[in-house]
Amino acid sequence: MQNEVDAILMESVLLGASSALKELAEELADLRRGWVAHGADPQAVEWLDGVIAKADWWGGRLAAGSGGQGATTE
């Protein structure tokens, strides 16, 4: 019984973290669009692209670890 509860809790934590990272990646993508629209330094935009990719990748990994669907941003 305890193993089942632990598994349910772990899946819940993984899904919550995945969802939070997906939301973060989406918010950063919105920020990126604003930066580009206002002529931000290309190196800063490139750095932000890397941060977005990491958040998106980890969101997908956590979702996969819980049996859920991967996080993606456009």
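In this structure, the separation between OG on Ser18 and CG on Asp56 is 9.0 Å, given to the nearest 0.5 Å.
Tracing side-chain contacts under 4.5 Å through hydrophobic residues (I, L, V, M, F, W, Y), one reaches Ile52 starting from Leu31; they form part of the same cluster.
Exactly one residue among Leu15, Leu14, Ile8 makes a side-chain contact (heavy atoms from CB on, under 4.5 Å) with Glu11. That residue is Leu15. Here the options are Leu48, Asp49, Asp41, the test is side-chain contact (heavy atoms from CB on, under 4.5 Å), and the partner is Val45; only Asp49 passes.
Judged as a side-chain hydrogen bond (donor to acceptor under 3.5 Å, both in side chains), and not counting sequence neighbours, the contacts of Asp6 are Gln2. Every residue two or more places apart in sequence or in another chain that forms a side chain to side chain contact (heavy atoms under 4.5 Å, CB included) with Asp30 is listed here: Arg33. Trp47 is linked by a side chain to side chain contact (heavy atoms under 4.5 Å, CB included) to Trp35, Val51, counting only residues two or more places apart in sequence or in another chain.
Across all non-hydrogen atoms, the minimal contact from Gly59 to Leu21 is N-CD1, 3.7 Å.
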